[in-house]
> 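What follows is a structure written as structure tokens; I'll ask about it next.
Indexing begins at 1, ligand by ligand and atom by atom, following the structure's order.
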Amino acid sequence: MDSAIPMTQPKTTDSSSARRDTLSVTDNRTGKTYEIPITNDTIRANDLRKIRVDESDFGMMSYDPAFNNTASCISRITFIDGDQGILRYRGYPIEELAEKATYLETAYLLLHGELPTESQLKEWQHHITHHTFIHESIKKFLDGFHYDAHPMGMLISTIAALSTFYPDAKHIFDPESRKKQTYRLIGKMPTIAAFSYRHTLGMPYVYPDNDLSYPGNFLNMLFRTSETRYRPNPTLEKALDILFILHADHEQNCSANTIRGVGSSHVDPFCASAAATAALYGPLHGGANEEALRMLMEIGSVQKVPEFIKRVKAGETRLMGFGHRIYKNYDPRARIIKRIAYEVFDLMGKNPLLEIALECERIALEDDYFVKRKLYPNVDFYTGLIYQSMGFPMTMFPVLFAIPRMSGWVAQWEEMLLDTEQKIARPRQIYLGHDTRSYVPIEQRS
Ligand code: ACO
């Protein structure tokens, strides 16, 4: 492990002090003491293996269901400090990127580690834009879905199907091939997403318009009807671009862990990112914004908020869009999203659910129950309101999350592939099942 790499907050070791960066562990079964090196506030699980009762013992393992306290990789992509509410991509605060960058610039940053120069950005945008078209056979493939198929199901299947259209993608250790698949994945996500949406409406597909921006073209493919040339509303285009920036990566979350795990078998990036998209589909991951919106609709009016909060405190239900495994402070993305919400409402008219959301937040931020548990609004509390005002049905919410997350997934996948310490992901288990027993013929079983 490279000891110069910060794993949590950047830290320096004071070489003048006499302290040793080791952990001493005494095994009370044997009375033996072991000294285990500490690097970046971490011990290596494999170092525990030398703790053994005798020669035949396999050695000590660590047990950590759901990876609550296990680092599975070294990463240089995204940094989160959940206590302080900090999120940075490649060192740049999310607030600055949301204010000053575009989504494609951010995607370049995530993938390349540095912000692009003007010519690099131009070239990058050109490549992404020229990979937005999908093969005509993919259209036929999409046509095969039932009219009420969930757009996330269509998205997952179509991303996986791209693997059959681009068999060159299996050359994962060829940098040129990886570059090409990256253009394809980021370029085609909005097209597949928009075609899936149009399919559910029974409307003809709208082909990409290469003169429009990444979010502008997405709006074109979604909403164009009889206009000869679709002109996206600049406020909605900008709002969508910022939402894309905020959702681009979030370090080792469930879907990032999935693309790393599946990709570690060296399958092509289309299959690996289809798996990541499937992980995102789950209600505990990318589906929470829909739940938050449903909750606001269920509350129904500002007057009913105190009664609902009472039910939450009694443990009968949860305040959806509140709380986070990592953030024990205001989710920095939620703060930015709240601002965008007002810009979208100014244009589209205020979402009547906003007052209910604001009242929930006001009460919760003052209430002891939420304060004590450090429950703050997360990214999903306001996004549903914005998406709904922009005209998206709820089934499209996780799709809107998946489109920008593709850049983060590809960055995580590539970092995993190029990390010489990584191997096929294969956790251990603690086996507590039966010991060996003999097969019982069916007629003798009770
Ligand atoms: N409403 C009410 N109480 C809550 C909430 C909530 N939204 N979230 C947590 N709590 C309470 C729990 O009941 C628990 O209380 P207790 O100590 O008295 O038992 C305490 O706060 C800790 O909660 P955990 O469930 O242990 O926290 P965990 O970190 O495991 O869960 C999670 C995080 C799943 C996000 C949770 O806060 C939650 O269910 N929130 C609502 C769903 C949601 O908004 N999910 C989106 C997350 S953001 C994203 O994935 C993109």
> Just checking Glu307: does its CD atom have more than 12 heavy atoms from other residues, nucleotides or ligands closer to it than 6.0 angstrom?
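Counting other residues, nucleotides and ligands, CD of Glu307 stays at 12 neighbours or fewer.
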
> Can you tell me which residue and heavy atom of the protein come closest to atom 47 (C) of ligand 1, and the distance to 0.1 Å?
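Of every protein heavy atom, Asn378 ND2, 3.6 Å lies nearest to atom 47 (C) of ligand 1.
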
> Does the ring center of Tyr183 lie less than 6.0 Å from the ring center of His130?
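Ring centres of His130 and Tyr183 not closer than 6.0 Å.
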
> Ignoring hydrogens, tell whether any protein atom lies closer than 4.0 Å to atom 18 (O) of ligand 1; use the non-hydrogen atoms only.
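At least one protein heavy atom is under 4.0 Å away.
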
> Taking the minimum heavy-atom distance to atom 13 (O) of ligand 1, which of Arg318, Arg373, Glu291 ranks first?
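The option holding the nearest heavy atom is Arg318.
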
> Can a protein heavy atom be found under 4.0 Å away from atom 35 (C) of ligand 1?
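For atom 35 (C) of ligand 1 the answer is yes, since some protein heavy atom falls inside 4.0 Å.
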
> Is there a polar contact, in the sense of an N or O pair closer than 3.5 Å, between Phe401 and ligand 1?
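No: no nitrogen or oxygen of Phe401 is under 3.5 Å from one in ligand 1.
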
> Nearest protein heavy-atom contact for atom 7 (N) of ligand 1: which residue, which atom, what distance?
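Sorting protein heavy atoms by distance from atom 7 (N) of ligand 1 puts Leu319 O, 2.8 Å first.
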
> Which heavy atom in His131 sits nearest to a heavy atom in Arg184, and how many Å separate them?
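In this case the closest contact between His131 and Arg184 is CD2-CG, 3.8 Å.
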
> Do Tyr327 and His250 make the cut of ring centroids closer than 6.0 angstrom?
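Distance test on ring centres: under 6.0 Å, yes.
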
> Just to confirm my output: which protein heavy-atom neighbour is closest to atom 49 (C) of ligand 1, and how far is it?
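Result for atom 49 (C) of ligand 1: Asp380 OD2, 3.6 Å.
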
> Pair Met221, Tyr205 - check side-chain contact (heavy atoms from CB on, under 4.5 Å), show working.
CA-CA 7 Å; Met221 293 187 291; Tyr205 302 129; over 6 Å; no

> My question is simple, although I want it checked carefully: is atom 27 (O) of ligand 1 less than 4.0 angstrom from any protein heavy atom?
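Under the 4.0 Å cut-off, atom 27 (O) of ligand 1 has no protein heavy-atom neighbours at all.
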
> Please state which protein non-hydrogen atom is closest to atom 10 (N) of ligand 1 and give its distance, to 0.1 Å?
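Result: Leu375 CD1, 3.6 Å.
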
> Is there a donor-acceptor contact under 3.5 Å linking the side chains of Tyr92 and Thr106?
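Side chains of Tyr92 and Thr106: no pair found under 3.5 Å.
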
> Any N or O of Val312 that comes nearer than 3.5 Å to an N or O of ligand 1?
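Such a contact does not occur with ligand 1.
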
> Contact between Phe381 and ligand 1, counting heavy atoms under 4.0 Å?
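Not so, Phe381 does not reach ligand 1.
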
> For atom 45 (N) of ligand 1, state whether the nearest protein heavy atom is under 4.0 Å away.
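Under the 4.0 Å cut-off, atom 45 (N) of ligand 1 does have protein heavy-atom neighbours.
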
> Atoms of ligand 1 less than 4.0 Å from Gly323 heavy atoms?
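With Gly323 as reference, the close atoms of ligand 1 come out as 35 (C), 37 (O).
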
> Report yes or no: is the cationic atom of Arg339 (NZ for Lys, CZ for Arg) closer than 6.0 Å to the six-membered ring centre of Tyr342, at no more than 45° off its axis?
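Not satisfied by the 6.0 Å and 45° rule.
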
> Considering only protein heavy atoms, which is closest to atom 30 (O) of ligand 1, and at what distance to one decimal place?
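So the nearest neighbour among protein heavy atoms is Arg325 NH2, 3.3 Å.
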
> When you look for heavy atoms under 4.0 Å from ligand 1, do you find them on the side chain of Asp331, its backbone, both, or neither?
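Answer for Asp331: neither.
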
> Tell me which protein heavy atom sits closest to atom 41 (C) of ligand 1, plus the residue, atom name and distance to 0.1 Å.
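The protein heavy atom lying closest is Phe322 O, 3.3 Å.
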
> In plain terms, say whether Lys238 and Glu343 are close enough for a salt bridge, that is, a side-chain N and a carboxylate O under 4.0 Å apart.
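Looking at Lys238 and Glu343, the cut-off is not met.
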
> Kindly give the heavy-atom pair with the smallest separation between Thr102 and Ile245, and that separation in Å.
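Heavy atoms only, the tightest pair is C-CD1, 3.7 Å.
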
> Looking at Tyr382, Phe381, Tyr330, which hits ring pair (Phe, Tyr, Trp, His ring centres under 6.0 Å) with Phe322?
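With Phe322 as partner, Tyr382, Phe381, Tyr330 yield a single ring pair (Phe, Tyr, Trp, His ring centres under 6.0 Å), made by Phe381.
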
> Which atom pair, heavy atoms only, marks the closest approach of Leu353 to Met297?
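Distance-wise, the nearest heavy atoms are CD1-CG, 3.7 Å.
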
> Report the C-alpha distance between His266 and Phe173 in whole Å, list the side-chain angles of each, state the deciding distance to 0.1 Å, and finish with yes or no for ring-ring contact (aromatic ring centres under 6.0 Å, His included).
CA-CA 9 Å; His266 293 176; Phe173 289 107; 5.0 Å; yes

> Once you restrict to heavy atoms under 4.0 Å, what part of Val379 touches ligand 1? Side chain, backbone, both or neither.
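Contact part for Val379 vs ligand 1: side chain (C-beta onward).
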
> Using a 4.0 Å cutoff against the non-hydrogen atoms of Gly321, which atoms of ligand 1 qualify?
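Contacts of ligand 1 toward Gly321, numbered from 1: 43 (C), 44 (O).
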
> Please report which non-hydrogen protein atom sits nearest to atom 3 (N) of ligand 1, along with the residue it belongs to and the distance in Å to one decimal place.
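Going atom by atom, the protein heavy atom closest to atom 3 (N) of ligand 1 ends up being Tyr369 OH, 3.0 Å.
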
> Run down the list His324, Lys372, Lys328, Met295 and name the one with the heavy atom closest to atom 48 (S) of ligand 1.
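Among His324, Lys372, Lys328, Met295, the closest heavy atom to atom 48 (S) of ligand 1 belongs to His324.
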
> Note the single closest protein heavy atom to atom 42 (C) of ligand 1, along with its residue, its atom name and the distance in Å.
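The protein heavy atom lying closest is Met320 CE, 3.4 Å.
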
> Does Ser264 reach the side chain of Gln422, with side-chain heavy atoms less than 4.5 Å apart?
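Side-chain contact under 4.5 Å: no.
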
